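Heads up: the structure comes next, in structure tokens.
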Amino acid sequence: MSDIQSTAAELRRLYESDTILRVVNVWDAVSTKVVADVPGTTAIATAGHSIAASLGYEDGGMPLDVALTAIEPIVAATSLPVTADLDDGYTEPGETTRRAIGIGVVGANVEDRLKPFDESVARVRAIIQAAQAEGVDFQLNARTDAIARGGDRAKADSIADAIARGRAFLAEGATAVFVPGAVTRDDVEQLVAGLGRGKLSVIGLPGALPAAEYEALGVARISYGPLVQRVALRAVRDLAADLYSSGVIPTDTPALN
């Protein structure tokens, strides 16, 4: 078995485990190394929002070539499985997947942006077929924005749409269904009931439940998106303000770079 095949198999094992997959999102090689060295880290997930911000792009506005160029050193910085945020899959999601696999990526988040149902399903199908053609058991965390982009419609309707889309994504071969905006216990219970245990992925926003509680509810994965970078940037901002005042670099500062 090749390295990429065994890494993909390990990522599948992590998704299928009864233990929730916790991923602390990274945006470059050094953040990858720092997170990978933390005990308990089993996989690496990129944050597209964070990569875009670090390169001067708006979230969702980063060109594919730029995104892949930024992801490549992340893959090179770790032996752990890397699942990448590939935005909406770009113009040709199958080709995007093929290129991502080419740099060692073994899983991805790809969002539907609430495109028409049939189009969204077809894009998931293209991703899975491209990965199969490459001979890699690619782990697609298929994102639906049914809640995040639900607008003024009733939450119940958004959840029903998320379940319908999620079931269709799973039927095409997606590993899990990522539903941003599903934060409360009630939302998660409904989604797990509709999708099945071990099939829902959530984001740990401020005010969300602890990972262990989501695990007990049957959630497969929790990630933290751009929040990790925001915490890091707050530390930089606060240090800068302190240094411009009367502060000094703390003596216990670790050499993490």
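The residues of the chain are indexed from 1 along the displayed sequence. Source: prediction; values computed, not measured.
Closest heavy-atom contact between Ala182 and Val202: O-CG1, 4.0 Å. The nearest pair of heavy atoms linking Ile4 to Ile101 is CD1-O, 3.4 Å. A pairwise comparison of heavy atoms in Val124 and Ala142 identifies CG2-CB, 4.4 Å as the closest pair. Taking every heavy atom of both residues into account, Ala47 and Gly225 meet most closely at CB-O, 3.7 Å. Closest approach of Val66 and Tyr57 over heavy atoms only: CG2-OH, 3.7 Å. Of all heavy-atom pairs spanning Val23 and Ala43, the tightest one is CG1-O, 3.9 Å.
By the 4.5 Å heavy-atom criterion applied to side chains, Ile128 and Leu140 are counted as neighbours. Side-chain contact check for Arg123 versus Val110: every heavy-atom pair is 4.5 Å or farther apart. The shortest distance between side-chain heavy atoms of Tyr214 and Leu200 does not fall below 4.5 Å. Taking the side chain as every heavy atom from C-beta outward, Glu92 and Arg98 never approach each other to under 4.5 Å. Counting heavy atoms from C-beta outward, Lys155 and Ile147 have side chains that approach closer than 4.5 Å. The shortest side-chain heavy-atom distance between Phe169 and Ser120 falls under the 4.5 Å cut-off. Between Leu21 and Leu11 there is a side-chain heavy-atom pair separated by less than 4.5 Å. When side chains are defined from C-beta on, Arg113 counts as touching Asp87, because their heavy atoms get closer than 4.5 Å.
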(request) Could you walk me through whether Glu213 and Arg185 pass side-chain contact (heavy atoms from CB on, under 4.5 Å), step by step? (result) CA-CA 9 Å; Glu213 292 189 35; Arg185 178 178 295 273; 2.9 Å; yes
(request) Could you go through the salt bridge (Lys or Arg N to Asp or Glu O under 4.0 Å) check for Asp18 and Arg197 one step at a time? (result) CA-CA 9 Å; Asp18 290 336; Arg197 292 184 66 85; over 6 Å; no
(request) Using the side-chain contact (heavy atoms from CB on, under 4.5 Å) rule, take His49 and Asn25 through it: C-alpha gap first, then chi angles, then the decisive distance, then the call. (result) CA-CA 10 Å; His49 188 147; Asn25 301 78; over 6 Å; no
(message) Under the criterion side-chain contact (heavy atoms from CB on, under 4.5 Å), I'd like the reasoning laid out for Leu209 against Leu217: C-alpha separation, chi angles, the key distance, then a yes or no.
(response) CA-CA 11 Å; Leu209 300 175; Leu217 292 172; 4.1 Å; yes
(request) Check the pair Leu233, Arg237 against side-chain contact (heavy atoms from CB on, under 4.5 Å), reporting the backbone distance first and the verdict last. (result) CA-CA 6 Å; Leu233 291 173; Arg237 182 201 63 191; over 6 Å; no
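Each of Arg149, Arg165, Arg143 was scored for a side-chain hydrogen bond (donor to acceptor under 3.5 Å, both in side chains) with Asp112, with one residue passing: Arg165. When each of Arg221, Glu16, Gln139 is paired with Thr175, the side-chain hydrogen bond (donor to acceptor under 3.5 Å, both in side chains) condition holds for Gln139 and for no other.
More than 12 heavy atoms of other residues, nucleotides or ligands lie within 6.0 Å of CD in Glu189, so this atom counts as buried by the packing criterion. Remark: Asp252 CG is packed, more than 12 non-hydrogen atoms of other residues, nucleotides or ligands lying under 6.0 Å away. Around atom CD of Glu58, no more than 12 heavy atoms belonging to other residues, nucleotides or ligands sit under 6.0 Å away. Counting non-hydrogen atoms of other residues, nucleotides and ligands closer than 6.0 Å to NZ of Lys115 gives a total above 12.
At distances below 3.5 Å, not a single donor-acceptor pair connects side-chain atoms of Thr144 with backbone N or O atoms of Gly166. Ser158 contributes a side-chain N or O that, together with a main-chain N or O of Ala146, makes up a donor-acceptor pair within less than 3.5 Å. Using a distance-only test at 3.5 Å, with no hydrogens or angles considered, a donor-acceptor pair links the side chain of Glu215 to the main chain of Ile20. Here the side chain of Asp137 pairs no donor or acceptor atom with the backbone of Ala9 at under 3.5 angstrom. In this structure, the side chain of Ser245 does not engage the main chain of Gly247 through any donor-acceptor pair within 3.5 Å.
Note that the CG atom of Leu227 and the CD1 atom of Ile203 stand 6.0 Å from one another [nearest 0.5 Å]. Atom CD1 of Ile51 is separated from atom CG of Leu68 by 10.0 Å, given to the nearest 0.5 angstrom. Going from atom OG1 of Thr97 over to atom CZ of Arg99 covers 11.5 Å, rounded to the nearest 0.5 Å. A distance of 10.0 Å separates OG1 of Thr78 from NZ of Lys33, quoted to the nearest 0.5 Å. Atom CD1 in Ile44 sits 5.5 Å away from atom CG in Leu80 (nearest 0.5 Å). Here the CD-CZ distance, from Glu111 to Phe178, works out to 9.0 Å after rounding to the nearest 0.5 Å.
With hydrophobic clusters built from ILVMFWY side chains whose heavy atoms lie under 4.5 angstrom apart, Leu114 does not share a cluster with Ile159. Tracing side-chain contacts under 4.5 Å through hydrophobic residues (I, L, V, M, F, W, Y), one never reaches Val75 starting from Val34; they form parts of separate clusters. A continuous path of Ile, Leu, Val, Met, Phe, Trp and Tyr side chains, each step under 4.5 Å between heavy atoms, connects Ile222 with Leu205, placing both in one hydrophobic cluster. A continuous path of ILVMFWY side-chain contacts below 4.5 Å connects Ile163 to Phe117, so both sit in one hydrophobic cluster.
For Asp85 and Asn109, the side-chain atoms include no donor-acceptor pair closer than 3.5 Å. Ser31 and Asp28 share a side-chain donor-acceptor pair at under 3.5 Å.
For Arg13, the side chain to side chain contact (heavy atoms under 4.5 Å, CB included) test picks out Glu10, with sequence neighbours left out. Among residues two or more places apart in sequence or in another chain, the side chain to side chain contact (heavy atoms under 4.5 Å, CB included) test is passed with Ala84 by Thr46, Ile71, Leu86, Val105.
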